[in-house]
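Here's the structure, in structure tokens; my notes come after.
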There are 2 protein chains.
Amino acid sequence: MPQARTSTPRERYRTQVRAEIKEHAWEQIATAGASALSLNAIAKRMGMSGPALYRYFDGRDELITELIRDAYRSQADTLRAAAGAGADLAGLAHALRAWALADPQRYFLIFGTPVPGYHAPDDITEIAAETMAVILDACAARPSSDGVDGAFDAHLDTHRQWAGERPVPAPVLHRALSFWSRLHGVLSLELAGQFTGMGFDPALLFEAELKDLLGP
Amino acid sequence: MPQARTSTPRERYRTQVRAEIKEHAWEQIATAGASALSLNAIAKRMGMSGPALYRYFDGRDELITELIRDAYRSQADTLRAAAGAGADLAGLAHALRAWALADPQRYFLIFGTPVPGYHAPDDITEIAAETMAVILDACAARPSSDGVDGAFDAHLDTHRQWAGERPVPAPVLHRALSFWSRLHGVLSLELAGQFTGMGFDPALLFEAELKDLLGP
DNA sequence: CACTTTGGTTAGAAGCTATCACGAACATTA
DNA sequence: TAATGTTCGTGATAGCTTCTAACCAAAGTG
């Protein structure tokens, strides 16, 4: 059990209110999108008047940054939990898809349209690296041909600092990037509704891409 | 030559002003993103006061819808031009990438974060279908095994209304969807800056994905 | 020349973010 | 217990946004 002595009643209240604010923010984002997030609306729905929220967040940007942080953390936790439960690459893919479908706007908060001026804080890129680490480990666990066969593999062999200290062969790095980008391709198009009206089942396209990814 | 008699001076003025408004809108979108598009700022930069723009567009939504329409048209024209110049699937891929890199925010206007309430007008989906038609034709021009090999191919064989009347075999439909989703995967991640700081060249990942797509 | 349509203006309503100054509740210390 | 300091919430205000309404002038039309 964590030591509860260092948390004064005021701190507890503060963190509780912050959590409640984020709760309402998520609800609002899920229904109207991140661009329609209104501090005023959140405040009124919580029974207090506008400027009160500025006691808890420096402004709209800081709130959104915090939500982005939580989204990254949620994604990393989900994949880590799946990997911890013994999931292989296919299992990770399904976990990722379920996580994305559970809240599409949360997915787009991470992978959606970038705001030209915005630069994510360093700790966020660290959390993103954790997600990548889970994928990399799952890729390394799969048998693969060790030969460096393509120009990209040769390039990756000398540009691998994003993989940290892991001594994985270049084809594994390649597989991880393909895994990420292909699943993101299907998922983002599906979540954005680009497949609606086309008449086929996006889940089957996802499975087909995954099968091709893991296949021969 | 089109008959110029049906265009009165007033109509010419009107379309010219509309074009100028869209010009400024694109500039603003490219630098600050679509969410930061301000009718007021456009008006002031054009030397007239705010509400004047409402003579030309019903509101912000209609302007953005018009920009989205232009973006789709630009994409379709680009791909059609490439196909007309004899480009194969690889050529189309490179044309698409160049088009996306030329204006990332234009790409995200089409494929970026969807606004929950928004539904595109019918003519926009028609233009999107034109783009798909170009890709489908290029896919059909490639030699491919005719056997229906996967569950998804079987599914596509009975859910193919999105391909119109084209009598292409299911594997070709499958190839077109993979082409679209995989290239979108790499492109959107690159344009969103998800690869920055990782140290490898996104162009080479794009080439690797393309090669795998066209390969054996 | 008179009349209608069109383009532009200013004024204003309603909404948003964000800052400021003040009062009230709470916590801590003398 | 009393005094002091910190934190929370308020209303007022500035400045921005979209968008409507009322009005005026200019351009085209009978």
Exercise for the section: Taking B:Ser74 for its side chain and B:Asp70 for its backbone only, find out whether a donor-acceptor pair lies under 3.5 Å. Expected result: no
Practice task
Report yes if the side chains of B:Leu187 and B:Phe111 come closer than 4.5 Å at any heavy-atom pair, otherwise no.
Solution key: no
Practice task
Please state how far atom CE in A:Met46 lies from atom P in D:dT10, giving the value in whole angstrom units.
Solution key: 11 Å
Exercise for the section: Hey, can you tell me if A:Phe200 and A:Phe195 have their rings parallel, tilted or perpendicular (30° and 60° cut-offs)? Expected result: tilted
Problem - Distance, rounded to the nearest Å, where A:Tyr56 contributes OH and D:dT6 contributes P - result: 18 Å
Handout entry: Flag, side chain of B:Arg73 to backbone of B:Ile127, donor-acceptor distance under 3.5 Å
Key = no
Fill in the blank from the handout: From CG of A:Leu53 across to P of D:dC8 the rounded distance in Å is 13 Å
Completion exercise
Counting primed atoms, P, OP1 and OP2 as sugar-phosphate and everything else as base, the B/S/- map of nucleotides 17-30 of chain D against protein heavy atoms under 4.0 Å is SBBB-B-----S--
Problem - Interatomic distance where CD1 belongs to B:Ile42 and C1' belongs to C:dG8 [whole Å] - result: 17 Å
Handout entry: Rounded distance (Å) that lies between atom C1' of D:dT6 and atom CZ of A:Arg14
Key = 12 Å
Completion exercise
Rounded to the nearest 0.5 Å, the CZ atom of A:Arg160 sits from the CG atom of A:Leu136 at a distance of 9.5 Å
Completion exercise
A:Met48 CE to D:dC8 P, in whole Å, measures 10 Å
Problem - Atom-pair distance (CD on A:Gln16; C1' on D:dC8), nearest Å - result: 14 Å
Handout entry: Flag, side chain of A:His155 to backbone of B:Asp201, donor-acceptor distance under 3.5 Å
Key = yes
Practice task
Report yes if at least one side-chain N or O of A:Tyr13 is closer than 4.0 Å to OP1 or OP2 of C:dA27; otherwise report no.
Solution key: no
Completion exercise
In whole angstroms, the gap separating P of C:dA27 from CZ of A:Arg12 amounts to 10 Å
Exercise for the section: Have a look at B:Phe57 and say if it touches a base, only the backbone sugar-phosphate, or nothing, with a 4.0 Å heavy-atom cut-off. Expected result: nothing
